[in-house]
Amino acid sequence: MDIFTVFSIIGTIAFAVSGAIVAMEEEYDILGVFVLGLVSAFGGGVIRNLLIGVPVTMLWSQEMLLKTALIAMMITFILPVKWIKQWKKSEAFFDAIGLSAFAIQGALYATGKYPLSAVIVAAMMTGIGGGIIRDVLAGRKPLVLRDEIYAVWAMAAGAVIGLKWFVTEVDLLILFVIITVFRMLSVQFRWRLPRRSLKFALAQSVHSEEKRLLAESKNDKVEGSG
């Protein structure tokens, strides 16, 4: 079993379980559990393949990973609630594992075949694509667009692999640990990318406009009575 397969299995299990639990939180039936689990585990790879021109049908050649995902989801579905609650406490950790594993897997998939920019995109989309589809299907705001620094770590993994700073299996395992640790640090310390919220500014603008219109209305009434 090569290092590419190892990362594929780790990422598949982590995201399949994540998708299954999100589906159960949203009170989906067993079909919904399997759908969200599968899109979480394989959605990123499908998006990556579309972007770099690989046939999407490559998914059906991954029989072992599909079986792994199905087994992981079935086990999750029948687990006692108290065990799932324990998993929820470590949700960010498993999410970090899945992100790191799939980002490295996606970068390895594109390295040597495509330019550095494509390697970075492949790493990012493999790492975050499934989670985006999962959150959209669950009616949630995608984690990658609202939470702590997330996609940046996947892009960083793609960059260093594309630049061949991490090449050997030992290097890649070290990179896997590094990305996982930095993802957890960003959760712990709530590191965020710069953001600009227009919600408050727009609300203030609407409130000011209402006050202006009210004042004009009062003035019109005074002038009319005069």
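Numbers here simply count residues along the sequence, with the first being 1.
Environment of CZ in Phe93: sparse, with no more than 12 heavy atoms of neighbouring residues, nucleotides or ligands closer than 6.0 Å. Within a 6.0 Å sphere centred on OH of Tyr28, other residues, nucleotides and ligands contribute more than 12 heavy atoms.
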Could you check Leu50 against Met125 for side-chain contact (heavy atoms from CB on, under 4.5 Å), going step by step and ending with a plain yes or no?
CA-CA 10 Å; Leu50 287 171; Met125 294 313 303; over 6 Å; no
side-chain contact (heavy atoms from CB on, under 4.5 Å) for Thr76 and Met24? Distances and angles first, verdict last.
CA-CA 10 Å; Thr76 304; Met24 288 188 286; 3.7 Å; yes
Apply side-chain contact (heavy atoms from CB on, under 4.5 Å) to Trp165 and Leu175, showing your working.
CA-CA 10 Å; Trp165 292 358; Leu175 178 62; over 6 Å; no
Check step by step if side-chain contact (heavy atoms from CB on, under 4.5 Å) holds for Ile13 and Ile97.
CA-CA 10 Å; Ile13 293 174; Ile97 289 175; over 6 Å; no
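A 4.5 Å side-chain heavy-atom check between Val152 and Phe182 finds every atom pair outside the cut-off. Two residues are said to be in side-chain contact when any heavy atoms from C-beta on lie closer than 4.5 Å; Met73 and Leu38 meet this criterion. In this structure the side chain of Ile10 never reaches within 4.5 angstrom of the side chain of Gln105, judged on heavy atoms. Between Ile132 and Ile47, the closest side-chain pair of non-hydrogen atoms is not below 4.5 Å. A 4.5 Å side-chain heavy-atom check between Glu169 and Val6 finds every atom pair outside the cut-off. Ile133 has its side chain out of reach of Val46: every pair of non-hydrogen atoms, C-beta onward, lies at least 4.5 Å apart. You'll find the side chain of Val177 stays beyond 4.5 Å of the side chain of Leu173, heavy atoms only.
Atom OH of Tyr114 sits about 7.5 Å away from atom OH of Tyr109, to the nearest 0.5 Å. The CD1 atom of Ile71 lies 11.0 Å from the CG atom of Leu66; values are rounded to the nearest 0.5 Å. Note that the CH2 atom of Trp153 and the CE atom of Met124 stand 15.5 Å from one another [nearest 0.5 Å]. Leu137 contributes atom CG, which lies 8.5 Å from atom OG of Ser40 (distance to the nearest 0.5 angstrom). One distance of note links OG1 of Thr168 with CD1 of Ile174; it measures 7.0 Å at 0.5 Å rounding. For the atom pair CG (Leu108) and OG1 (Thr126), the distance works out to 10.0 Å, reported to the nearest 0.5 Å.
Here the closest non-hydrogen pair linking Val136 and Pro142 is CG2-CG, 4.2 Å. Annotation for Val22 and Leu36: closest pair CG1-CD2, 3.9 Å, computed over non-hydrogen atoms. In plain terms, the two heavy atoms of Ala157 and Ile104 that are nearest each other are CB-CG1, 4.5 Å. Contact between Ala154 and Ala123 at its shortest, heavy atoms only, is O-CB, 3.5 Å. The two residues Gly158 and Val119 come nearest to each other via the heavy atoms O-CG1, 3.4 Å. Among all heavy-atom pairs drawn from Gly11 and Ala101, the shortest one is N-CB, 3.7 Å.
A cation-pi contact, defined as under 6.0 Å to the ring centre and within 45° of the axis, is absent between Arg134 and Phe15.
Checking side-chain atoms of Thr180 against main-chain N and O of Phe176 turns up a donor-acceptor pair under 3.5 Å. Under the 3.5 Å distance criterion, the side-chain polar atoms of Ser100 are left unmatched by any main-chain donor or acceptor of Ala96.
The hydrophobic clustering, which links ILVMFWY residues whose side-chain heavy atoms are closer than 4.5 Å, places Phe77 and Val81 apart. Residue Val167 is not grouped with residue Ile178 when hydrophobic side chains (ILVMFWY) are merged at heavy-atom distances under 4.5 angstrom, including chains of intermediate members.
Here Glu26 pairs with Arg140 under the side-chain hydrogen bond (donor to acceptor under 3.5 Å, both in side chains) rule; sequence neighbours left out.
Applying the salt bridge (Lys or Arg N to Asp or Glu O under 4.0 Å) test to residues at least two apart or on different chains, the pairs with a partner in residues 49-74 are Glu63-Lys67.
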